[in-house]
Novice: 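Below you will find the structure I want to go over with you.
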Amino acid sequence: MFFKKTNIIKIRTPEAISFDIHLASPIVRCLAWIIDLLAIAVAFNILYSVIRSLSYINTDIAFSLLILGQFLILIGYSIFCEWFFKGQTIGKRLIGLKVIDAQNLNLRFEQIAIRNLMRPIDIFPICYMVGGICCLLNKKYQRFGDLIANTIVIWTKKLAPPDFNKVYSGKYNSLRAYPHLKNRLRHNITPKKAEIALETILRRDELEPESRVEIFNLIADNFRNTVKFPKEATEGLSDEQYVKNVVEILFKYD
């Protein structure tokens, strides 16, 4: 029965906002791991070349460094990549996968470390047998390391350049009548906040109605507190339309 489960789950943030998340299947994750194995193999070749040179000086030290280096590469590769690339290894990055917290909170370093330190258990006894069985037996496709670290692996959504004819719907943008405030918006709103607002607009249909109203209200209030426009510029605008107006200013230059 577990083969019939969906690869889409709904995640609810601490702010009670719901998103549909597309989980990565075990097969796709395996493809990403194969690419990572190739990257590890390249690192091993570099290590062997260095150790070969050291072995002419002292064989025992060279052998000890070889064992240590192999361990650091096998365990440290994924930990370093997932921390540095924010949840992605080289394989995951190429395939389009990402590790996130199971509750959609910020992914912490200890979660990354734990899920990768548990990898030997997932591999046991051969070919990721424990990890594969765990993935098939739970609805979030979590291997043993994911269960312990409370993480999941998802598809990353590549957003195409926004079509503002659709985002803005051709309505008159009353905020553009105030060039000095418009420039202040671009100066004071961080790229991260702008990205969140844009993604919320593009994913509005994935949100539940109550969540959509709440999240647009939060974003609109944040923008209003950042730069205050005259009452006549914002009168009659819903929170969602206000956010769309701001986003159009931030991303569409005259």
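Sequence positions, counted from 1, serve as the residue numbers for this chain. Only this structure's heavy atoms are used, side chains among them; waters, hydrogens and symmetry mates stay out.
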Novice: Enumerate, atom names and distances included, each donor-acceptor pair closer than 3.5 Å involving a side-chain atom of residues 59-72, sequence neighbours excluded.
Specialist:
residue: S64; atom: OG; partner: D60; partner atom: O; Å: 3.0
residue: Q70; atom: NE2; partner: Y48; partner atom: OH; Å: 3.0

Novice: Please give me the minimum heavy-atom distance between I189 and A194, naming the atom from each residue.
Specialist: CG2-N, 4.1 Å
Novice: So, do I40 and W33 sit near enough that their side-chain heavy atoms are less than 4.5 Å apart?
Specialist: yes
Novice: For E82, does its backbone N or O pair with a side-chain atom of T89 as donor and acceptor, under 3.5 Å?
Specialist: no
Novice: Classify the ring geometry of Y178 against H180: parallel below 30°, tilted from 30° to 60°, perpendicular beyond 60°.
Specialist: perpendicular
Novice: When hydrophobic residues are tied together by side-chain contacts of less than 4.5 Å, even through go-betweens, does F85 share a cluster with V153?
Specialist: no
Novice: Enter the distance from K140:NZ to L147:CG here, rounded to the nearest 0.5 Å.
Specialist: 9.5 Å
Novice: Does the distance from a Lys or Arg side-chain N to an Asp or Glu carboxylate O, for K244 and E248, drop under 4.0 Å?
Specialist: no
Novice: Going from CG on L107 to CD1 on I152, what distance comes out if it is rounded to the nearest 0.5 angstrom?
Specialist: 10.5 Å
Novice: Can you give me the closest heavy-atom contact between N245 and N173, atom names plus distance?
Specialist: O-ND2, 3.1 Å
Novice: Evaluate the criterion side-chain contact (heavy atoms from CB on, under 4.5 Å) for residue pair R184 and L181; output intermediate values, then yes/no.
Specialist: CA-CA 5 Å; R184 193 178 300 171; L181 296 178; 3.7 Å; yes
Novice: Please tell me whether L38 and F80 are part of a single hydrophobic cluster in this structure, the criterion being side-chain heavy atoms less than 4.5 Å apart.
Specialist: no
Novice: Could you tell me if the side chain of C135 sits less than 4.5 Å from the side chain of R29, heavy atoms only?
Specialist: yes
Novice: Of all heavy-atom pairs between I219 and A197, which one has the smallest distance, and what is that distance?
Specialist: CG2-CB, 4.1 Å
Novice: Holding to salt bridge (charged side-chain N to carboxylate O under 4.0 Å, His left out), I want the full list of residues that pass it with R108, two or more places apart in sequence or in another chain.
Specialist: E110
Novice: Is any side-chain heavy atom of I73 less than 4.5 Å from a side-chain heavy atom of F44?
Specialist: yes
Novice: With a 4.0 Å cut-off, would you call R224 and D239 a salt bridge?
Specialist: yes
Novice: So which atom in K228 and which in N225 form the shortest heavy-atom distance, rounded to 0.1 Å?
Specialist: NZ-OD1, 3.9 Å
Novice: Just do the side-chain contact (heavy atoms from CB on, under 4.5 Å) check on F124 and F144 with the steps written out, would you?
Specialist: CA-CA 11 Å; F124 184 84; F144 181 76; over 6 Å; no
Novice: Could you grab the distance from atom CG of N138 to atom CZ of R143, nearest 0.5 Å is fine?
Specialist: 12.0 Å
Novice: Which heavy-atom pair separates L97 from A24 by the least distance, and what is that distance?
Specialist: CD2-CB, 3.6 Å
Novice: When you measure from the side chain of N183 to the backbone N and O of P179, does any donor-acceptor pair fall under 3.5 Å?
Specialist: yes
Novice: Are L202 and V213 linked, directly or through intermediate hydrophobic residues, by side-chain heavy-atom contacts shorter than 4.5 Å (ILVMFWY only)?
Specialist: no
Novice: Looking at CD of E195 and OG1 of T200, how far apart are the two atoms once the value is rounded to the nearest 0.5 Å?
Specialist: 10.0 Å
Novice: Go through the structure and list residues passing side-chain hydrogen bond (donor to acceptor under 3.5 Å, both in side chains) with T151, not counting sequence neighbours.
Specialist: R115, D146
Novice: Quick check: is I112 connected to F84 through a chain of hydrophobic side chains (ILVMFWY, heavy atoms under 4.5 Å apart)?
Specialist: no
Novice: Among the clusters formed by ILVMFWY side chains lying less than 4.5 Å apart, do I90 and L37 turn up in the same one?
Specialist: yes
Novice: Do N217 and D221 come close enough that some side-chain heavy atom pair is under 4.5 Å?
Specialist: yes
Novice: Could you grab the distance from atom CZ of F216 to atom CZ of F223, nearest 0.5 Å is fine?
Specialist: 10.0 Å
Novice: Roughly how far, to the nearest 0.5 Å, is CD1 of I75 from CG of L117?
Specialist: 6.0 Å
Novice: Quick one: are N106 and D101 in side-chain contact, heavy atoms under 4.5 Å?
Specialist: no
Novice: Could you point out which residue of I79, D122, L74 forms a side chain to side chain contact (heavy atoms under 4.5 Å, CB included) with N116?
Specialist: I79
Novice: May I have the step-by-step check of side-chain contact (heavy atoms from CB on, under 4.5 Å) for R186 and I249, ending in yes or no?
Specialist: CA-CA 8 Å; R186 290 171 176 164; I249 286 174; 3.9 Å; yes
Novice: If you draw a 6.0 Å radius around CG in N45, do more than 12 non-hydrogen atoms from other residues or ligands fall strictly inside?
Specialist: yes
Novice: Can you see which heavy atom on R52 is nearest to which on S55, and at what distance?
Specialist: O-OG, 2.6 Å
